[in-house]
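This report concerns only the one structure given below.
By convention here, the first residue in the shown sequence is residue 1. What you are looking at is a predicted structure, and each value in this text was computed from that prediction instead of being measured.
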Amino acid sequence: YGLYDEWWHGLYGFDVTVASPPHQGWLTSICVTMIGTAIVFAAAREHRWGRWGFMVAIAAFGQYASIQSGALADLNLSATIDWPTLTWLTIPLVCVLLGSQVVSRGGAIGTGLLTLVLSLATWSFASWAVGWYADLQHLALRDFVELGFPIDMVLIPAIVFVFGVVVELLLRWTGSSAWLLAGSGATGVIAITWLLNSMGSGGVDLGGEDGGQADSILLTCVAGGVLAGVLGGATWRLGRALRASNATPAVSVTVVGTA
C-alpha cells in the first residue's frame with residue numbers, strides 16, 4: 001500500500017482524504033492487525049502488561065476504524081442521517097464498553113484515556129507530517145487541506161474519555177449486563193450527538209445549511225442509538241469470548257499400571 005499510495009499522490013496530488021483505495025487498504029490492514037493484537041493481549045490479561053496492551057490495541061483500533069469510516073462522507077447514503085459522525089462516535093464508545101468487559105477494573109476509563117492520548121499524538125504528528133511530506137515530494141497541497149492542529153478531531157476522543165469514566169463508575173455500582181451495556185452505548189451516542197450539534201463541532205451538521213431540520217437530528221439520534229445499542233450489547237458476549245482466550249484446555253492423563 002505504500003507504493004500504491006506513492007503512485008496515487010503522484011497522479012492526483014497530495015491530499016488527506018481517506019476516500020481513496022490506498023488509504024482504505026492501509027487503514028483496513030491496521031484495523032485487522034489491531035484485532036489480532038487485542039486477542040493476543042487478552043490471553044495475557046492476568047498480567048499488567050497484558051491488560052494495558054489490550055486497551056492500547058482496542059483504542060488504536062477504535063481510532064483508525066473511526067478515521068476509515070470518514071469515507072462514508074463521500075457516499076450519498078442519506079440526506080437526513082449523518083452516518084460518518086455516527087460511526088466516528090459509535091466505534092470508540094463500543095471499544096470503551098468492550099474494554100470494560102475484558103479488563104474488569106479500570107478497563108473503561110483506561111480505554112477512554114488511551115483513546116484520547118493516541119488521538120493527541122496522532123493528530124499532532126499528522127499536522128506536521130502533511131506539510132513536511134508534501135514539501136519533500138514536491139507535491140502540491142489540495143485547496144481544502146488546512147495545516148494546523150485539528151481541535152475538532154480531539155474533541156470527540158475527549159468526550160469518549162468522559163464516557164469511559166461514567167461507564168467505569170456505573171459498572172462498579174451496578175455490575176455488568178448486556179442490557180446495561182446496550183443502554184450505555186445508545187445513551188452515550190444520543191447524548192454526544194446532541195451535544196456536538198449544539199456546539200457546532202465535531203463535524204456535525206445535522207440541520208443542514210439552514211440549521212432548522214429538527215427531524216434530521218432526531219433521525220440521526222435514533223439511528224445512532226440503535227447502532228450503538230446493538231453493538232454495545234454485543235460486547236458483553238464478545239468480552240466473555242476474549243476472557244476465555246487464556247483458558248487452558250484440560251488434558252486427561254491416563255496412568256497405565258505395570259504388572
Side-chain angles (χ1 to χ4, degrees), residues 28 30-69 86-119 156-192 223-250:
T28 300
I30 293 177
C31 291
V32 172
T33 301
M34 289 300 102
I35 292 174
T37 304
I39 295 173
V40 171
F41 278 117
R45 65 186 180 86
E46 70 273 12
H47 304 287
R48 180 179 297 177
W49 58 266
R51 294 189 292 271
W52 279 102
F54 175 80
M55 290 187 291
V56 169
I58 61 171
F61 168 81
Q63 178 178 355
Y64 284 102
S66 297
I67 295 173
Q68 185 177 19
S69 70
L86 288 185
T87 54
W88 200 285
L89 285 173
T90 302
I91 292 172
L93 292 188
V94 172
C95 288
V96 167
L97 295 175
L98 180 59
S100 71
Q101 296 307 291
V102 178
V103 182
S104 57
R105 302 289 290 184
I109 190 173
T111 304
L113 176 61
L114 288 169
T115 299
L116 177 58
V117 171
L118 288 175
S119 181
I156 289 179
I159 298 175
V160 170
F161 170 61
V162 176
F163 174 79
V165 174
V166 173
V167 169
E168 186 74 31
L169 296 175
L170 183 62
L171 293 179
R172 291 192 183 189
W173 179 44
T174 63
S176 178
S177 69
W179 287 107
L180 179 63
L181 295 171
S184 298
T187 303
V189 167
I190 293 173
I192 296 172
V226 172
L227 179 62
V230 172
L231 295 178
T235 61
W236 186 73
R237 188 167 294 275
L238 180 57
R240 292 180 60 185
L242 289 172
R243 291 196 303 271
S245 62
N246 66 342
T248 302

Approximate separation, where rounding is to 0.5 Å, of [X] [atom1] and [Y] [atom2]:
{"X": "Ile58", "Y": "Thr37", "atom1": "CD1", "atom2": "OG1", "result": "12.0 Å"}
{"X": "Phe54", "Y": "Ile39", "atom1": "CZ", "atom2": "CD1", "result": "9.0 Å"}
{"X": "Ile35", "Y": "Phe61", "atom1": "CD1", "atom2": "CZ", "result": "4.5 Å"}
{"X": "Phe163", "Y": "Leu89", "atom1": "CZ", "atom2": "CG", "result": "10.5 Å"}
{"X": "Ile159", "Y": "Ile192", "atom1": "CD1", "atom2": "CD1", "result": "5.5 Å"}

Quick check: closest heavy atoms across [X] and [Y], and the distance to 0.1 Å?
{"X": "Gly229", "Y": "Ala182", "answer": "O-CB, 3.2 Å"}
{"X": "Ile67", "Y": "Trp88", "answer": "CA-CZ3, 3.6 Å"}
{"X": "Trp49", "Y": "Ala44", "answer": "CH2-CB, 3.5 Å"}
{"X": "Met34", "Y": "Ala60", "answer": "SD-CB, 3.7 Å"}
{"X": "Gly225", "Y": "Ala186", "answer": "O-CB, 3.3 Å"}

Mark yes or no for whether Ser184, through its side chain, and Leu180, through its backbone, hold a donor-acceptor pair below 3.5 Å.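 It does hold such a pair.
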Looking only at atom types and distance, does a side-chain atom of Arg45 sit under 3.5 Å from a main-chain N or O of Arg51, one as donor and one as acceptor?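 No, the answer is negative, given that no donor and acceptor are paired below the 3.5 Å cut-off.
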Would you list the atom pairs, donor with acceptor, under 3.5 Å between side chains in residues 90-108 and any protein atom, with sequence neighbours excluded?
residue, atom, partner, partner atom, Å
Thr90, OG1, Leu86, O, 2.7
Ser100, OG, Leu97, O, 2.5
Gln101, OE1, Ser176, OG, 2.9
Gln101, NE2, Ser176, OG, 3.0

Output all residues satisfying salt bridge (charged side-chain N to carboxylate O under 4.0 Å, His left out) with Arg172, sequence neighbours left out; order by chain, then residue number.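 Expected list: Glu168.
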Audit row: Gln63, Ser119, side chain to side chain donor-acceptor pair (under 3.5 Å) steps and yes/no: CA-CA 7 Å; Gln63 178 178 355; Ser119 181; 4.9 Å; no
